[in-house]
Structures are given as C-alpha cells and as structure tokens.
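In what follows, chains carry the letters A, B, and so on, assigned in the order in which the sequence lines appear, proteins first and then strands, with residues in each chain numbered from 1. As the structure is a prediction and not an experimental result, all values here were calculated from the model.
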Amino acid sequence: MSHHIVEVKNLEYCYADGTTALRGVSFRIEHGESVGVVGENGAGKSTLLLHLNGCLLATKGEVRVGDIPVMRETLRQIRRSVGTVFQDPNDQLFMPTVGEDVAFGPLNMHLSPDGVESRVHGALDTVNALHLRSRPPHRLSGGEKRAVAIATVLSMSPDILVLDEPSAGLDPQARRRLISLLSGFKHTKIVASHDLDMILDLCRRTIVMHQGAVVADGPTAALLSDRNLLAKSGLELPLGVQNCPVCGASPSASAIPQI
Amino acid sequence: MSHHIVEVKNLEYCYADGTTALRGVSFRIEHGESVGVVGENGAGKSTLLLHLNGCLLATKGEVRVGDIPVMRETLRQIRRSVGTVFQDPNDQLFMPTVGEDVAFGPLNMHLSPDGVESRVHGALDTVNALHLRSRPPHRLSGGEKRAVAIATVLSMSPDILVLDEPSAGLDPQARRRLISLLSGFKHTKIVASHDLDMILDLCRRTIVMHQGAVVADGPTAALLSDRNLLAKSGLELPLGVQNCPVCGASPSASAIPQI
Amino acid sequence: MTRIDTAISDIDVLDRLAAGVSPIHRLDPRAKLIVTVLFLLTVVSYRKYEVAELTPLFLYLAVLLALGRVPVLVIARYLLLACPFAVLVAVFNPLIDRQIIAQLGPLAVSGGWMSFVSILIRFVLTVSAVLLLLACTGYVTVCAALDKLGVPRLLIMQFLMLYRFIFILADEASRMLRAHSLRSPDGRGTSLRVWGSLAGNLLLRAYDRGVRVHTAMLARGFDGKFRPLPGFHWSIADSLFVVGSSAFLILVRHGQLATRMGRWALELSA
Amino acid sequence: MHMADALISPPVGGAMWAASIALAAYSARKIEPEIAERKIPLMGVVGAFVFAAQMINVTIPVTGSSGHLGGGMILTILLGPHAAFLVMFSILAVQALFFADGGLLALGCNVFNLGFWPCFVVYPLVFKKIVGASPTHRRLMTGSIVSGVLSLQLGAFCVVLQTLMSGISELPFGTFLLLMQPIHLAIGIIEGIVTAALVSFVWHARPELLELSADRKLEPSMSLKPVLTALAIAALVTGVLLSWFASTHPDGLEWAMFRITGKEELAAPEDGVHATLARFQEKTAFMPDYDFAETSAIQETGIEHSEEDAESWPAVSAGTSVAGVVGGGIVLILAVLIGMSLRLIQRRRGTVTP
Ligand SMILES: Nc1ncnc2c1ncn2[C@@H]1O[C@H](COP(=O)(O)OP(=O)(O)OP(=O)(O)O)[C@@H](O)[C@H]1O
Ligand SMILES: Nc1ncnc2c1ncn2[C@@H]1O[C@H](COP(=O)(O)OP(=O)(O)OP(=O)(O)O)[C@@H](O)[C@H]1O
Ligand SMILES: [Mg+2]
Ligand SMILES: [Mg+2]
C-alpha cells in the first residue's frame with residue numbers, strides 16, 4: 001500500500017478577492033506518516049488542507065494523492081481516500097441523529113445495508129461513541145461532537161486523515177483522549193493546529209508555514225525547539241517546553257516579541 | 001475603591017429545559033484580584049459568568065457586585081461596572097464598523113459625543129487597534145477580532161472584567177500578546193478557560209468547577225499542580241508543568257485517565 | 001455550493017469600491033440617495049415606446065461611473081447576471097405588438113420592438129444607477145442616510161444586523177456544504193431530507209447565535225433603543241449636485257434632446 | 001419572481017411603496033415592546049439564515065428539478081408576522097441593492113408580493129387554521145405546503161397585475177396569468193415542501209422555537225385590520241396616482257385597463273371621490289407641465305400612439321424616427337467620450353497627487 005502518499009508541488013492559491021493564500025508550497029508525505037502543519041493565524045494552513053481533498057483546486061502547481069492528480073475529474077476517487085475533519089464539528093454534523101450522520105458517507109458510496117451498518121458500528125466503536133448513536137448531534141458536548149465528527153469520516157475508511165485544529169475548545173482531558181485516539185490510528189495523518197504541544201505529542205514531522213509559504217519542514221522535536229524559527233513564524237515554544245518547574249528552565253521569555 | 005468585590009452566595013441555576021447547570025456556588029472576589037475559573041466541558045463556567053452581569057438571574061442564591069445585589073432592578077448599574085467578553089468575538093461585534101461597535105456601550109450610557117469619542121479612542125488605543133477603527137468586523141483576523149471585542153467592553157470603563165475563553169483560536173504569539181495585554185489591566189479580572197497555562201500566567205487564584213459546583217478555590221499554583229484534584233475535575237496538569245523535554249520529567253502520565 | 005461564496009464576493013466587490021475615494025464618494029449619502037431616486041423615477045416615467053429620448057440619461061451614468069472610479073466591467077457583469085425576469089417579460093412584446101410605428105429608411109419597426117428595446121434600456125439604466133449608488137456610497141452609509149431621512153430605526157437596525165450576519169451565516173453554510181460534499185462523492189444536489197436537516201441545523205445555530213448576540217448586547221447596556229448613527233455634513237457641493245442633477249433630469253425629460261441632436265446632425269450632413 | 005424597475009410605472013411603484021412602508025411602520029410599532037427583550041438580534045440572524053439557505057439548492061424527488069427556500073413562510077412561523085415582515089423587507093432590500101435583484105422602485109412591489117401575503121394573510125388565515133392549537137407532524141406539513149403554494153400564487157398574481165397596470169408589457173392579461181400562475185404553482189409547491197422539511201426538523205429538534213406556540217400567548221387572534229388597511233392603502237394610492245396619470249398618459253392606462261378588463265373605458269363617476277382626487281392631484285402634481293411633453297412629443301415625433309387609435313395610424317414619419325435613432329446614437333457616443341475623458345483627467349490628477 002505504498003500509494004498513500006501525498007505530494008504537493010509548487011502549489012499556489014489565490015482567493016477570488018485577490019488574497020494570495022499560498023505561494024509555492026511543496027512537500028511529500030509518505031505512507032503512514034503523521035505530519036503537523038503549524039503557523040500563525042492566516043498563514044494558509046486551512047487553505048492548504050482544503051487542497052488535499054479537492055475542495056479548492058490549485059491556481060498553479062499540483063497536488064497528487066497516491067498516483068492521482070487532484071483535479072475536477074478525479075474528485076470522486078480523491079474524496080474516498082482522503083477524509084477531512086474540520087475545526088468546528090457543528091459544520092460536520094448535519095443529520096438528525098449521530099447514527100444517520102455516520103451512515104451518510106457510506107450510503108453515498110452505495111454500499112449494501114450490511115456494509116453500511118458494519119462501517120457505522122466500526123467507526124463509532126473506534127471513537128468510543130457507540131452509546132451516542134441515536135442522539136441528535138446538537139445535544140452533544142464539545143468532546144462528544146468532536147469524536148462523532150471523526151467517526152463520520154472514519155466510516156468512509158479513508159487512507160489519509162486530514163484534521164484542522166482538532167483540539168479547539170476541548171477541555172484538557174478531552175484533548176488528551178483525542179490525542180491518544182488519533183495516535184492509535186495507522187492512517188497517514190495531516191494535522192493543522194495552534195496547539196504545538198499536541199503536534200509534539202502526535203506528529204514526528206512538522207511543516208511550518210508563514211505567509212503562505214513553507215519556511216521549515218523536518219522533525220517536530222527539532223523545529224519546535226528552534227526559537228528563532230518559531231519567533232519568525234508567529235509561534236513560540238510549545239508550553240511543555242517553556243518554564244519547566246522541574247528543571248527550572250525558562251528559556252522562552254526572550255523569544256516573546258514585544259506587543 | 002473597595003467596592004469592586006464580587007460575591008456569589010449559594011448560587012443555583014436551572015435552564016428552561018431542566019438542566020441544572022449550577023448547584024450551590026459560593027465565593028467572594030476582592031478588589032483587584034485576578035481569578036481563573038476552570039473545569040471540564042459543561043462544568044458550568046459560562047453559566048456562572050452570565051450571572052455576574054445579570055444576563056442570567058439566579059434561580060436560588062444571590063450574586064452581589066460591589067454592594068449591589070444583581071437583580072432586575074439593578075441591571076443597569078451592574079452592567080456598567082461589569083464588562084463581559086464572550087468566547088466568540090463574532091457574537092460581540094454586531095455593528096457595521098469597529099468604531100461604532102466600540103461606541104455602542106458608551107452611547108447606551110448616554111455620554112456626551114466628546115465623552116463617547118474619548119472612550120472609543122482610549123479603548124482602541126489600549127488594545128492597539130486604532131487603525132482598525134473604520135473597518136467592518138467581518139474583515140478582521142481572529143486576533144484582531146478578539147482585541148476589538150475586548151475594546152468594546154473597555155470603552156464602558158468597567159471596574160470588573162469577565163472573560164470567557166479569551167485565548168480560543170489564537171496562534172501562540174497572539175495568545176501571548178493577549179496575556180500581556182490582560183496582565184497589564186488593573187481591573188478585577190475573572191477568566192474562564194481550558195487554557196490552564198494561561199490561567200497559570202494570569203491569575204493568582206483559581207476556582208475549579210465540576211458538574212455545576214465549586215470543588216476547589218485557592219492559589220492557582222497549588223491547585224493546578226494537584227493531580228488528584230485535576231483528574232477528578234476533567235483537567236490535567238498545565239502543559240508547562242508536564243513532560244519537560246529539557247529535563248525529561250514526565251510527571252503527569254499516571255494522572256491521565258484511561259479512554 | 002459555490003453560490004454562497006459568489007454571493008459574498010459580489011457583496012465584497014461593491015463594498016471594496018465603496019471604501020474608495022472620489023468626488024462622488026465624498027458627497028453626502030442623502031444627496032446621492034435623493035438623486036438616484038429622482039433618476040429612477042425619471043426613467044420609469046417615459047412611455048413604453050420611447051427609446052431615443054432615454055439615451056441622454058446615459059450621460060448621468062457615464063459621469064458618475066467616471067468620477068466615482070467604478071470599473072465598467074463590474075457593472076456589466078451584474079447586468080448580465082440580473083436580467084432574466086425583465087427580459088423574459090419584454091421578449092413577448094415583439095411577438096404580440098406588431099403594429100408598425102416607425103420607419104427607418106427601408107426598415108419598418110413595430111411597436112413591440114420599440115417597447116422591447118425600451119425595456120432593455122430601462123433595465124440597464126435602473127440597475128446601473130442602483131449599483132453606482134452602492135459602489136460610491138456603501139450599504140452601511142446608505143442605511144445611515146435612510147436613518148437621517150426618517151425611516152423607522154427598527155427597520156434600519158434590521159438592515160444593519162442582517163448585513164452583519166450574512167457574512168457569518170454564509171460562512172457557516174458554506175463550511176457545512178463543504179463537509180457535506182466531501183461525504184457525498186457523487187456530488188449530486190442535496191436531497192430534500194438532507195436539505196431539511198442541513199438547513200435545520202444551520203437554523204438552530206443561527207438561533208443560538210441570536211441568543212448569544214442578544215446577551216452580548218445586553219451586557220453593553222442595550223435597552224431596546226438604538227442611539228442615532230453618526231451624522232453627515234451637508235455641504236454646498238451636495239446642494240449643487242442635487243440641483244444640477246435635477247435640472248439635468250428635467251431637461252432630458254422634457255427637452256427632446258436626442259431628437260433635436262439627430263435633426264441637427266442630419267441637417268448638417270445634408 | 002422579483003418585479004424589476006424596468007417593468008413598472010411610477011404610480012404602481014409608488015402605491016406599492018406606500019403600502020409596504022405603512023405595513024413596515026405598523027409592524028415596527030407592533031413589536032416595539034417586545035424587541036427590548038430578544039427579537040432584534042434574532043431577526044438579524046434568522047434573516048441572514050434565510051439569505052444563506054436560499055443559496056443551498058435542494059433536489060426535489062421525482063421531478064429531478066431543484067429549488068430553494070423563498071423564506072416568507074418560514075420567517076413568519078419562526079418570528080411571528082410583524083417581525084417576519086420587517087425581516088423580509090430587509091432581505092429584499094439587500095437583494096435589490098447588492099444583486100440588482102428587483103430594484104429600488106420595485107422594492108415596494110416585491111415587499112408587498114413576497115412579504116405581505118405570507119405574513120399577514122396566509123399565516124393567520126390559513127396556516128394557523130390548518131395547524132391549530134396542538135400541532136401534529138402531518139398538520140405542520142400540510143399547513144406549510146398549502147401556505148407555501150398560496151403565498152406564491154397570490155404573489156404571482158400581484159406581479160401580473162402590477163406589470164399590466166404599468167402598461168409596459170404587451171402580454172394580454174389572460175396569457176400572462178396562464179404563464180405565471182402554473183410556474184408559480186410548481187415553485188410554490190417546492191417552497192412549501194422545503195418549508196415543511198425545515199419546520200419539521202425544528203419541530204423535532206427544538207419545538208419551543210416555533211413561534212406558533214409562543215404566538216398563542218402573545219397574540220390570541222390576529223385581526224384582519226392590517227390586511228384591510230394595507231389593501232386599502234394600496235388601492236387608494238394606486239387610484240390617486242393612476243387617475244393622475246390617466247390625465248397625463250391616457251394611452252398607457254387605458255391600454256392596461258383594456259387588457260385587464262377587456263373594456264376600453266371604466267365608467268368613472270363624474271363626481272365624488274374621483275373628481276375630488278383629480279382636483280387634489282392637479283394641485284399636488286410635482287411636474288405640472290407634463291402635458292407639454294405629451295403634446296409636443298406627439299406633434300414632433302409621432303411615436304406615441306395608444307392601442308385603440310393604432311388602426312388610424314398612418315402618420316409614420318420616417319424623418320423623425322431616423323432623427324431619433326441618429327440623435328440617440330450621438331448621445332450615447334458622447335456619453336462614452338465624456339466618461340472616458342473624465343476618467344483620464346482623474347487618472348492624470350491621481351498620478352500628480354497620490
Ligand atoms: N474565503 C476566503 N476569501 C478570501 N481570503 C481568504 C478566504 N479564506 C481565507 N482567506 C485568507 O487567506 C489567508 C490564509 O487563510 P487560512 O484560513 O488558510 O489561514 P490559517 O492558517 O488556517 O489561519 P487560522 O490559524 O486563523 O485558521 C488569510 O490571509 C485569510 O485572510
Ligand atoms: N441554553 C441552555 N439550555 C439548556 N442547557 C444548557 C444551556 N446552556 C448550557 N446548558 C447546559 O448547562 C451546563 C453548563 O454549561 P456551560 O456552558 O456553563 O458549561 P461550560 O463550563 O462553559 O462548558 P464549556 O467549557 O464547554 O464552555 C451543561 O450541561 C450544558 O449542557
Ligand atoms: Mg485555519
Ligand atoms: Mg463555556
């Protein structure tokens with residue numbers, strides 16, 4: 001299954017109003033990798049993720065998933081192999097009950113009723129949300145919504161999982177559960193987030209974006225401890241690395257820019 | 001000015017659909033204190049904050065701001081001295097331009113045009129957003145929206161500042177700027193958040209809530225390093241205290257509950 | 001699914017133009033509003049067979065377009081997008097009204113064709129005038145002008161609130177549709193049942209947002225009354241603009257400018 | 001279907017504006033006490049919701065066609081008639097201003113056609129009667145569909161009347177009606193089904209949001225007064241303005257009357273209201289010399305002729321028609337030239353003083 005690679009070559013994107021959100025982004029993600037995408041507000045992270053499933057199509061450059069280039073004609077195939085979970089689970093849950101919501105994707109893939117059922121069961125089981133099956137989504141807690149949103153995508157058994165700010169709005173334990181959940185998946189994972197500590201826990205490799213371009217791409221541990229790089233890209237050391245009370249290190253104070 | 005105290009006595013609140021969100025909450029916050037309110041999703045933090053400015057009125061118990069009990073007759077006075085910044089700045093910015101939005105509160109206080117102008121100018125200046133004055137809110141970035149939302153409240157020169165998850169959705173540097181901004185204010189501050197590291201930086205005292213009740217109230221440093229307390233309340237050690245990669249300490253692993 | 005984004009970017013285009021600087025932008029919005037209404041009234045007051053006498057009104061558009069620095073292409077695009085109903089109704093006129101009423105050399109022109117062309121010209125004139133008003137003034141400022149002209153404040157506030165939240169809700173809707181389309185790879189339209197719960201969820205979120213916004217308003221001392229929006233300054237330029245435009249409109253309406261001009265040109269060439 | 005500025009005459013546009021403004025003022029007064037509580041932001045977001053929802057197309061089963069939400073009924077069900085009317089007003093205004101959908105003069109017509117009927121007629125008289133005090137799923141569905149169809153039929157009928165009264169379209173009354181009503185039957189059914197789907201979702205998820213429960217407490221019974229008032233205003237203003245126009249534009253009006261009634265002249269009472277109105281508008285007419293244009297136009301160009309004297313119309317004057325075309329062409333070229341040179345001058349200045 002060496003074809004779950006994601007390759008982005010020289011990607012540029014310009015929104016209709018003229019904002020250039022991506023300026024020549026290139027990288028290649030291999031099968032099974034787990035990659036973090038970080039950068040300040042407006043760096044272009046969400047825009048980049050929207051290209052990976054063909055929600056946006058490149059103005060210039062190329063995106064390939066497996067061996068297939070992402071273009072209008074291949075959207076069907078692409079969307080089957082790339083599953084995307086957006087930041088706000090409310091956007092993702094639009095059916096009257098959790099069960100129907102998770103079944104929505106498989107039904108659209110024209111699976112048999114049994115097939116759909118086993119997909120739904122499996123996906124809900126993976127995120128520990130079987131008991132929520134008949135509940136309406138708008139009555140769920142933040143953490144529950146997040147889990148179900150992931151299940152709606154898992155039920156389509158994608159090869160590649162793309163997540164945009166998955167930990168936003170979760171309380172610390174729910175966030176921790178999410179991290180363990182995600183690190184249990186064997187999918188290729190691409191995670192955009194401001195939560196650098198989660199990226200540190202979840203991803204071996206990180207791509208740092210700044211003003212629509214990739215400014216660094218390499219092992220997470222190295223990049224996220226590089227104070228100069230982080231300061232330049234609107235970031236700072238992950239909190240877990242700052243102010244350690246055990247060793248008393250307080251290395252980040254000097255890296256904080258003036259207000 | 002010893003009257004900027006906030007006193008909550010035995011507060012209970014029940015939503016119209018029967019959910020009991022607060023079950024007997026009591027505390028007293030003195031003038032100039034900076035207090036964090038933490039707890040898992042659904043613990044009742046937002047509900048509690050809505051009582052402090054009289055947006056919700058107690059089902060049972062009492063809330064006093066200064067020497068005034070919060071009730072229908074005193075709402076005007078209460079809302080002048082308590083300024084609330086809600087989680088989603090889109091809810092707070094409802095006027096067509098930033099300037100008008102910041103002027104909305106002072107205008108409702110029937111100030112003179114000059115008075116309004118100086119309030120608007122001062123508030124925008126404090127949050128470094130004077131240049132945004134004539135922009136419509138829907139064209140601002142996340143961090144800018146947050147700053148302006150705070151300015152809309154500052155322009156009413158409240159004595160007490162109440163903030164619900166102010167750091168949500170901000171990139172690390174924007175979050176850091178917000179923290180410095182807030183720590184520069186001399187107001188009494190009450191901050192609800194899942195960002196325990198921010199609470200650690202910003203508040204001397206913390207109130208831990210769990211299922212609608214206060215389970216702990218004391219110095220932040222002590223409470224947020226009490227692993228048992230945190231585990232019971234859906235929280236975990238602040239990230240700055242966990243897993244220091246410098247010294248390799250990983251004190252929190254045992255505190256994480258099973259999924 | 002792109003319809004929402006298109007609609008928002010259409011609004012955006014006009015908003016950006018309205019943020020520009022030009023002599024027309026500087027005029028008091030009340031003046032522009034009044035003149036626009038007078039202009040529209042003039043256009044629709046012509047009788048149905050009139051074509052030539054409508055053309056001098058393009059002078060007004062040309063001057064505003066140029067002084068207001070509004071790109072012609074923006075207006076043209078709107079005209080193309082917005083025409084269906086007017087054209088649909090007009091298209092029947094040539095079929096029904098075949099009475100010859102004019103002779104252009106060898107060409108006999110029926111009344112139906114005259115009124116058809118007349119409707120098209122009216123359409124271009126009226127739509128362009130409104131778009132120009134907006135492009136040189138901006139929605140919010142037009143609302144403020146209406147406020148100063150005495151329109152009930154509740155309605156003005158509704159105008160402003162609607163405008164503010166269109167952006168947020170359109171954004172929510174398009175994110176929802178995006179999530180929806182990702183899970184329906186066939187990409188056919190939304191079925192009724194799914195539409196119901198999609199729109200229903202959107203509505204519930206809108207409703208909750210309404211409640212939150214209300215809370216935020218209350219927290220800032222809102223007591224059900226809206227304070228006046230900031231005022232404008234009416235200058236001599238504004239008076240000149242109104243008087244000049246009105247004089248122009250009266251002259252055009254009663255002056256038979258096009259026919260006179262044509263006669264004169266024909267005499268010259270003869 | 002939105003009326004366009006290009007299709008209406010001043011009296012029709014004016015009358016509909018008057019009726020819509022009156023209804024808006026009435027509605028604003030009616031909800032004033034409530035707004036202090038919670039309606040204002042709700043009206044804003046629910047209006048924005050309708051705006052956004054209109055852009056999500058729905059596939060209609062069996063037919064394979066697609067439609068979208070119109071919004072009048074759902075707004076009324078959610079917000080009550082008065083708030084809904086104001087919200088509809090604002091939605092149509094935004095559409096007129098930003099999307100050139102309808103127009104400024106036609107806005108009155110559109111508000112009347114798409115707001116008045118669902119809010120003040122169909123909702124109280126039909127929807128509430130069908131749904132009753134204790135709504136069931138089936139009643140809600142039936143009520144929504146029937147109301148959707150009815151509102152659109154009434155609206156479409158008004159479009160026909162307004163277009164014909166304006167006297168610009170040549171379509172005969174019957175043909176136009178046969179064209180509009182069936183199309184709007186289809187659109188109305190779609191609108192009804194879509195409204196029903198939405199109402200049913202909300203009713204299952206958050207029944208407390210449906211206005212009809214709250215409505216029962218707030219307004220025990222809605223009176224027919226606003227309905228009759230609005231219709232009376234519309235009739236009165238149309239009458240006044242039409243009779244004024246009748247004196248200045250006999251051709252257009254009689255043509256329209258001919259089309260609608262099949263008779264050439266309506267017997268107007270010689271005295272009483274009509275005469276008083278005629279005298280009144282003689283005094284208030286804001287362009288008293290309209291007649292000048294009328295007579296001189298006929299004399300000079302000969303292109304005004306009403307339907308009924310068309311038969312006796314040999315006076316086609318080739319010379320004047322050509323003059324008109326030539327003159328029009330020259331004026332257009334002039335307009336373009338003036339525009340371009342103004343822009344050039346501006347650009348020059350712009351480069352000197354940035
Ligand atoms: N629909 C849009 N139309 C125009 N510009 C847009 C649109 N969406 C985003 N942008 C702009 O594109 C740039 C990149 O935005 P993007 O949302 O990808 O950033 P991001 O890295 O995800 O930021 P955040 O961390 O705040 O989510 C920004 O400048 C943003 O303002
Ligand atoms: N409008 C409402 N109607 C009914 N129940 C509500 C309402 N708002 C909140 N609740 C319930 O009240 C409880 C407390 O909610 P609250 O929003 O105060 O929690 P919170 O601590 O702010 O959570 P979070 O961290 O997710 O923001 C929850 O069980 C919630 O489901
Ligand atoms: Mg993003
Ligand atoms: Mg909360």
**Request:** Rounded to the nearest 0.5 Å, what's the gap from CG on C:Leu67 to CG on D:Leu342? Could you check?
**Result:** 5.0 Å
**Prompt:** Looking only at heavy atoms, which two atoms of D:Ala335 and C:Ala62 are closest? And how far apart?
**Reply:** O-CB, 3.2 Å
**Asked** Is any side-chain heavy atom of D:Val45 closer than 4.5 Å to a side-chain heavy atom of C:Tyr207?
**Response** no
**Request:** Could you check which of D:Ser200, D:Ser90, D:Gly103 has the highest count of heavy-atom pairs closer than 4.5 Å to chain C?
**Result:** D:Ser90
**Item:** Check: C:Arg209 side chain, D:Pro41 main-chain N or O, donor-acceptor pair, under 3.5 Å
**Value:** no
**Request:** Report yes if the side chains of D:Ile31 and C:Leu154 come closer than 4.5 Å at any heavy-atom pair, otherwise no.
**Result:** yes
**Asked** Of all heavy-atom pairs between D:Ala48 and C:Leu169, which one has the smallest distance, and what is that distance?
**Response** CB-CD1, 3.4 Å
**Complete:** Checked C:Leu203, C:Val72, C:Asp171 vs chain D; the most non-hydrogen pairs under 4.5 Å come from C:Leu203
**Message:** Could you measure the distance from the CG atom of D:Leu7 to the CZ atom of C:Phe123? Nearest 0.5 Å is fine.
**Reply:** 9.5 Å
**Item:** Option in D:Leu334, D:Val202, D:Leu344, D:Leu332 with maximal non-hydrogen atom pairs under 4.5 Å from chain C
**Value:** D:Leu332
**Request:** Against chain D, work out which of C:Phe167, C:Trp264, C:Tyr163, C:Phe116 has the most heavy-atom pairs shorter than 4.5 Å and name it.
**Result:** C:Tyr163
**Item:** chain C contact via D:Phe49 - which portion, at a heavy-atom distance below 4.5 Å
**Value:** both
**Fill in**
Assert top hit (heavy-atom pairs under 4.5 Å, partner chain D, pool C:Leu64, C:Leu198, C:Asn201) equals C:Asn201
**Complete:** With chain D, the option among C:Leu14, C:Val142, C:Val13, C:Thr36 that has the most non-hydrogen atom pairs under 4.5 Å is C:Leu14
**Request:** Name the region of C:Ala206, side chain, backbone, both or neither, that has any atom closer than 4.5 Å to a heavy atom of chain D.
**Result:** both
**Request:** To the nearest 0.5 Å, tell me how far D:Ile8 CD1 sits from C:Leu40 CG.
**Result:** 9.0 Å
**Request:** Describe, in one word, how the ring planes of D:Phe89 and C:Phe159 are oriented to each other, choosing from parallel (under 30°), tilted (30 to 60°) and perpendicular (over 60°).
**Result:** tilted
**Item:** C:Gln158/D:Val87 under side chain to side chain contact (heavy atoms under 4.5 Å, CB included): CA gap, chis, key distance, verdict
**Value:** CA-CA 7 Å; C:Gln158 170 58 26; D:Val87 174; 3.7 Å; yes
**Asked** What residue in C:Ala52, C:Ala170, C:Gly200 has the most heavy-atom pairs under 4.5 Å with chain D?
**Response** C:Gly200
**Message:** I need the minimum non-hydrogen distance between C:Leu204 and D:Arg206, along with the two atoms involved.
**Reply:** CD2-CG, 3.8 Å
**Most chain C-contacting option - heavy-atom pairs closer than 4.5 Å, from D:Ile338, D:Leu97, D:Ile91** = D:Leu97
**Request:** Heavy atoms only, distances under 4.5 angstrom: which of D:Ile21, D:Ile74, D:Leu337, D:Ile330 has the most pairs with chain C? Name it, please.
**Result:** D:Ile330
**Asked** Do you know which of C:Val213, C:Leu131, C:Val63 has the most heavy-atom pairs with chain D at a distance under 4.5 angstrom?
**Response** C:Val63
**Complete:** d(C:Ile11 CD1, D:Phe51 CZ) to nearest 0.5 Å is 5.0 Å
**Request:** Kindly give the heavy-atom pair with the smallest separation between D:Pro10 and C:Ser45, and that separation in Å.
**Result:** CG-CA, 4.0 Å
**Prompt:** Is the closest side-chain heavy-atom distance between C:Met161 and D:Ile40 below 4.5 Å?
**Reply:** yes
**Item:** 4.5 Å side-chain heavy-atom contact, C:Thr126 and D:Leu105
**Value:** no
**Request:** Can you tell which part of D:Ala96 gets under 4.5 Å to a heavy atom of chain C, answering side chain, backbone, both or neither?
**Result:** backbone
**Message:** In the structure I gave you, are the side-chain heavy atoms of D:Val336 and C:Phe58 within less than 4.5 Å of one another anywhere?
**Reply:** no
**Prompt:** Can you name the closest pair of heavy atoms from D:Ala197 and C:Gly196 and give their distance?
**Reply:** CB-CA, 4.0 Å
